[in-house]
There are 2 protein chains.
Amino acid sequence: MYEALFAYIKRYSNVPLTSNEIEIIHKSWVPQKLKKRETLLHRGEICKQTAFIVKGAMRQYSVDDSGNEHTIQLAIENWWIVDRESYLMRTPSVYNIEAWEDTQLLILKRKELEDILEFPAIKEMFWHMDQNNYIASQKRLNDAISLTALNRYENLLKYYPDFVKRFPQHIIASYLGIKKETLSRIRSQLSQQ
Amino acid sequence: MYEALFAYIKRYSNVPLTSNEIEIIHKSWVPQKLKKRETLLHRGEICKQTAFIVKGAMRQYSVDDSGNEHTIQLAIENWWIVDRESYLMRTPSVYNIEAWEDTQLLILKRKELEDILEFPAIKEMFWHMDQNNYIASQKRLNDAISLTALNRYENLLKYYPDFVKRFPQHIIASYLGIKKETLSRIRSQLSQQ
DNA sequence: GTTCTTTAATGACATATGTCATCGTTTCAG
DNA sequence: CTGAAACGATGACATATGTCATTAAAGAAC
């Protein structure tokens, strides 16, 4: 269960962990299971945990005034899922986070964060996490404002084929910023080539 | 010149600076002036500096196959401008960065970064910078996939009125992900209410 | 297995945005 | 001051995407 988390920490920090730190990390991240469609966060709540996905698939989405869902993030094994703004600033979230498959998580509550950030390796890891997330969301933003819906879908297929396999089309569409009918037509267009 | 930088560092870290650190910071960030339309980074180059804007206005943009520009970031006084991915990973940038007004910068070269990251206050500050950038670009992404062009422009007017004042419409349009003609029509629509 | 729900495809039509061309105004270098 | 370039507004039309309705297939619950 914890191997994947330690592997992740190791990959993103060059500081080794002491055995005391390893023990405290075990206590700080606690396992939690979610069934498909169970939620980790409801809009309006403060996000109380940073979750590491050991197994399964999650998504983070907002709902607009017309009731349309907009998927801001998809995440599978070895990804983090959290509303970082809400978690860090303790402000109500505008997002929902839910499991799209039966999912095994390791949860770090906000309360434990301060202590564990004292560990250089953990601090290093979270810095890399924020850097990577910043770089990834900047790329996605550039795609969103500069590519056609077709190109965005082709990029997704190329770089994150698992997402396309594991989430239904209406969620993929809401991730790309288009309607499910449009995605369906893009796909039929691609299959005719 | 350096007051704004030190104020920024102070705001985003609760660790005080030693007088030795203050001296080294002075040496590490060097002043640079740019005239309007001079560039700090060309696509294809590796981004060699993180720049703090003391006075002026800059933009970061990509150019697609059809020659259309897409503005990924606008920045004015007290903002940072850098292609963080290129700067950290030393990979060629897909972006251009140019001055849109005569601009006064403080430049931190990649070479000096490693040393200066040893200072807790600086590390803290850069972490906050990445966190803030991540949160901001996630918000903007959510806007891009969930709001109409009109709403995106209204948000920009509300939260960053200086951008609208200091950059011409074709740049604002490329920041919003629309064409300048569309922005012009949105504006005339708003002014008739 | 049977039934209910979810997912996906598709046609007809509506709307938003892009494209291209034109024109007047503003800005700015010489 | 003057001419060129940049900027902004607008009309006519093209294209991409959204909306709504219908149908069929796949999957989940009982």
Side-chain angles (χ1 to χ4, degrees), chain A residues 34-38 56-57 59 61 63-71 74 98-103 143-157 163-193, chain B residues 34-38 57 59 61 63-71 74 98-102 143-157 163-193:
Chain A
L34 289 178
K35 291 239 169 252
K36 178 168 182 172
R37 284 181 199 271
E38 274 188 301
R59 69 165 177 145
Y61 64 97
V63 183
D64 68 22
D65 302 340
S66 316
N68 296 311
E69 294 182 355
H70 305 281
T71 298
L74 299 174
E98 76 171 4
W100 193 253
E101 298 174 1
D102 294 354
T103 296
D143 284 2
I145 64 177
S146 63
L147 299 181
T148 63
L150 171 63
N151 291 148
R152 295 204 297 279
Y153 179 65
E154 286 176 328
N155 270 359
L156 190 65
L157 269 179
F163 288 170
V164 181
K165 281 178 208 136
R166 292 168 71 173
F167 292 92
Q169 283 185 39
H170 72 271
I171 290 181
I172 298 296
S174 79
Y175 180 87
L176 295 171
I178 56 179
K179 294 288 157 178
K180 62 186 197 298
E181 293 91 340
T182 301
L183 178 56
S184 176
R185 289 188 178 105
I186 285 172
R187 284 166 50 87
S188 89
Q189 196 182 324
L190 279 175
S191 69
Q192 281 164 25
Q193 289 172 0
Chain B
L34 289 178
K35 292 241 170 248
K36 177 167 184 174
R37 284 180 201 270
E38 273 188 302
R59 69 166 178 145
Y61 64 99
V63 183
D64 67 25
D65 302 340
S66 314
N68 296 310
E69 295 181 355
H70 305 282
T71 298
L74 299 175
E98 76 170 6
W100 194 254
E101 297 174 1
D102 294 354
D143 284 2
I145 64 176
S146 63
L147 299 181
T148 62
L150 171 62
N151 290 147
R152 295 204 296 281
Y153 179 64
E154 286 176 329
N155 270 359
L156 189 66
L157 268 179
F163 288 171
V164 181
K165 280 179 209 135
R166 292 168 71 171
F167 293 92
Q169 283 184 41
H170 71 271
I171 290 181
I172 297 296
S174 79
Y175 180 87
L176 295 171
I178 57 181
K179 293 288 158 180
K180 62 185 198 299
E181 294 91 340
T182 302
L183 178 56
S184 177
R185 290 185 178 109
I186 285 172
R187 283 166 50 86
S188 90
Q189 197 182 323
L190 279 175
S191 70
Q192 281 165 25
Q193 288 171 2

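Within every chain, numbering begins at 1; the chains are lettered A, B, ... in the order of the sequence lines, protein sequences first and strands thereafter.
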May I have the distance from [X] (atom [atom1]) to [N] (atom [atom2]), rounded to whole angstrom?
{"X": "A:Glu181", "N": "D:dA21", "atom1": "CD", "atom2": "C1'", "value": "10 Å"}
{"X": "A:Arg187", "N": "C:dT7", "atom1": "CZ", "atom2": "P", "value": "14 Å"}
{"X": "B:Leu183", "N": "D:dA9", "atom1": "CG", "atom2": "P", "value": "8 Å"}
{"X": "B:Gln189", "N": "C:dT15", "atom1": "CD", "atom2": "P", "value": "14 Å"}

Of the non-hydrogen atoms in A:Ile171 and A:Ser174, which two are nearest, and what is the gap between them?
O-OG, 3.0 Å
Would you please say whether a donor-acceptor pair under 3.5 Å links the side chains of B:Tyr153 and B:Arg187?
yes
Give the nucleotide from the list C:dT17, C:dA21, D:dG18 with an atom nearest to the side chain of B:Thr182.
C:dT17
From C:dT7, D:dT17, C:dT10, pick the nucleotide closest to the side chain of A:Trp100?
C:dT7
With distance as the sole test, does A:Thr71 use its side chain to make a donor-acceptor pair with the main-chain N or O of A:Tyr61 at under 3.5 Å?
no
Got a second to check how far [X]'s [atom1] is from [Y]'s [atom2], nearest 0.5 Å?
{"X": "A:Phe167", "Y": "A:Leu74", "atom1": "CZ", "atom2": "CG", "answer": "4.5 Å"}
{"X": "A:His170", "Y": "A:Ile178", "atom1": "NE2", "atom2": "CD1", "answer": "13.5 Å"}
{"X": "A:Arg185", "Y": "A:Gln189", "atom1": "CZ", "atom2": "CD", "answer": "11.0 Å"}

As a check of understanding: the bend across the helix from C:dG1-D:dC30 to C:dG30-D:dC1, end axes from five pairs, rounded to 10 degrees, works out to 60°
If you pin B:Lys36 and B:Asn68 to their nearest nucleotides in DNA chain C, which one's is more 5'?
B:Asn68
Kindly indicate, with the supporting measurements, whether the criterion side chain to side chain contact (heavy atoms under 4.5 Å, CB included) is fulfilled by A:Asn155 and A:Asp143.
CA-CA 9 Å; A:Asn155 270 359; A:Asp143 284 2; 3.4 Å; yes
Testing A:Arg37, A:Arg166, A:Lys36 for side-chain hydrogen bond (donor to acceptor under 3.5 Å, both in side chains) with A:Glu101, which one passes?
A:Arg166
Can you work out whether A:Ile186 or B:Arg37 has the more 5'-proximal nearest nucleotide on DNA chain D?
B:Arg37
Test side chain to side chain contact (heavy atoms under 4.5 Å, CB included) applied to B:Asn68 and B:Lys179, step by step:
CA-CA 9 Å; B:Asn68 296 310; B:Lys179 293 288 158 180; 3.2 Å; yes
So, with a heavy-atom separation below 4.0 Å from DNA chain C, the residues of residues 165-180 of chain B are B:Gly177, B:Ile178, B:Lys179
Classify the side chain of B:Arg185 versus the base of D:dG11 as yes if they form a donor-acceptor pair under 3.5 Å and no if they do not.
yes
